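Any value given below was found using the heavy atoms of this structure, including those in side chains, with hydrogens, waters and symmetry copies removed. Just so it is clear, the structure is predicted and the values come from calculations on it, not from any experiment. For the single chain, residues carry numbers from 1 onward in sequence order. One-based numbering, in listed order, for ligands and for the atoms of each.
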Amino acid sequence: MEVARDIASLQKAVGEARAGGLRVGLVPTMGALHAGHLSLVSEALRATEYVVVSIFVNPTQFGPSEDFDAYPRPEESDLAACNDVGVDLVFAPSVDQVYPGAIATTIHVAGLSDTLCGPHRPGHFDGVATVVAKLFNLVRPDVAFFGRKDAQQLAIIRRMGADLNFPVAVEGCPTVREADGLALSSRNAYLSTDERARAIALHDALAAARDRIRAGTRNAAPLVREMASIVQKSRPTAVDYISAVDPDSLRPIDTIEGPVLLALAVRYGKTRLIDNVLVDPTERG
Ligand code: PAF
């Protein structure tokens, strides 16, 4: 496995792979790799012939009071994990490589960025869209792999790719969960034992609403109320949102007539957790 720390080495290695006729897969990450990231990597290894993992804690997607400095950066174990599963190249640039100076151009995906997590994390999705556009231009992958746990991020990246004609197929991969249902996230490491136990409420709330849809409920309001009541019992520090939205437009749904994305963001102490499920009302539980 090669590790590229600068753009020239990245482009040399990927250029050689592409010249050899290999299809290039990209898994963009901020490191602190867990089984969720590794499931994206295994999908990339299955679907493409030369797999690049980027590890870059992107400063422009963190707000001033967010955890950029504290964000875990266990580089040695991340590189070992990539090597063990057969990644071809890790791109682990410094901030200066990616942002050699102030940038005047940012990408804002209107509408999709302004709902759900958007109002609670001003500028976050512009930072994500801009760095992903940079990574697409630097790596020029055939396929890029993202987790469905970040459903809003995935919708934004798909829309950006379509609107700006990026020649990249964007693949959404299933959320990986702990045995009790908690979605894997690098931020789970911040939870105390007590907060970790309470955080299962996110999954419990989504599962209860999904079961009610499968049992025939079509009115979104009581579902959202039931999710809120389950979450409230876990004594959250704050609830940013609990919503039933259209999976493509992310607009709230009143009556469920097709697939619905149930999504929520809840804080325990200083840790903000998100989770979601996509429910097809035609599927019976
Ligand atoms: O999902 C993440 O880890 C980040 O938002 C991403 C896509 C790597 C961009 O920094």
Side-chain angles (χ1 to χ4, degrees), residues 4 7 10 25-41 43-44 51-63 66-75 77-79 81-82 87 89-99 103 106-109 112-113 116-118 120-139 141 143-161 164 166 168-176 183-190 250 263 265 271-276:
I7 290 169
L10 165 77
L26 171 66
V27 181
T29 81
M30 298 206 301
L33 302 180
H34 50 62
H37 297 111
L38 297 179
S39 77
L40 302 180
V41 173
E43 187 49 30
V51 173
V52 181
V53 172
S54 62
I55 298 182
F56 180 61
V57 184
N58 172 38
T60 66
Q61 69 187 77
F62 289 79
E66 292 187 348
D67 55 344
F68 175 69
D69 289 330
Y71 199 84
R73 291 166 170 85
E75 198 194 70
S77 56
D78 283 350
L79 293 179
C82 288
V87 167
L89 175 77
V90 170
F91 179 45
S94 64
V95 171
D96 290 348
Q97 274 293 309
V98 179
Y99 300 106
I103 57 167
T106 55
I107 295 178
H108 178 71
V109 181
L112 293 178
S113 302
L116 301 177
C117 291
H120 302 276
R121 303 191 68 189
H124 167 70
F125 288 118
D126 295 5
V128 170
T130 305
V131 82
V132 170
K134 275 169 149 305
L135 289 168
F136 282 1
N137 283 332
L138 292 171
V139 178
V143 192
F145 299 83
F146 296 88
R148 285 193 210 128
K149 168 168 172 284
D150 297 303
Q152 185 171 13
Q153 169 173 282
L154 179 60
I156 287 168
I157 290 166
R158 282 193 201 285
R159 184 64 191 263
M160 174 189 79
L164 300 182
F166 278 99
V168 181
V170 174
E171 279 296 323
C173 302
T175 301
V176 178
L184 295 194
S185 161
S186 306
R187 290 190 169 100
N188 291 352
Y190 299 155
L250 304 183
T271 308
R272 182 177 188 277
L273 300 177
I274 58 171
D275 200 355
N276 68 80

Checklist line | side chain to side chain contact (heavy atoms under 4.5 Å, CB included) partners of Asn188, counting only residues at least two apart | finding: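 Result, side chain to side chain contact (heavy atoms under 4.5 Å, CB included) vs Asn188: Leu182, Ser185, Leu191, Leu273.
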Check: Which residues satisfy the side chain to side chain contact (heavy atoms under 4.5 Å, CB included) test with Ala32, sequence neighbours excluded?
Finding: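 For Ala32 the side chain to side chain contact (heavy atoms under 4.5 Å, CB included) partners, ignoring immediate neighbours, are Pro72, Pro74, Ser186.
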Note to self: Once side-chain hydrogen bond (donor to acceptor under 3.5 Å, both in side chains) is applied, do any residues pair with Thr175, and if so which ones, sequence neighbours excluded?
What the structure shows: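 Listed in chain order: nothing, the list is empty.
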For ligand 1, run through the N/O pairs with the protein that fall under 3.5 Å and put one pair on each line.
| from | atom 1 | to | atom 2 | distance (Å) |
| --- | --- | --- | --- | --- |
| ligand 1 | 1 (O) | Gln153 | OE1 | 3.4 |
| ligand 1 | 1 (O) | Gln153 | NE2 | 2.9 |
| ligand 1 | 5 (O) | Gln61 | NE2 | 3.0 |
| ligand 1 | 5 (O) | Gln153 | OE1 | 2.7 |
| ligand 1 | 10 (O) | Gln61 | OE1 | 2.6 |

Next item on the list: If the plane angle is over 60° it's perpendicular, under 30° parallel, otherwise tilted; pick one for Phe56 and Tyr99.
Entry: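 The rings of Phe56 and Tyr99 sit tilted, inter-plane angle from 30° to 60°.
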Item checked: Point-to-point distance, once rounded to the nearest 0.5 Å, from CG of Leu112 to CZ of Arg159 ->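 If we round to the nearest 0.5 Å, Leu112:CG and Arg159:CZ are 6.0 Å apart.
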Check: Does some side-chain heavy atom of Thr60 sit less than 4.5 Å from a side-chain heavy atom of Thr130?
Finding: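 In short, these two side chains do not touch, never coming nearer than 4.5 Å.
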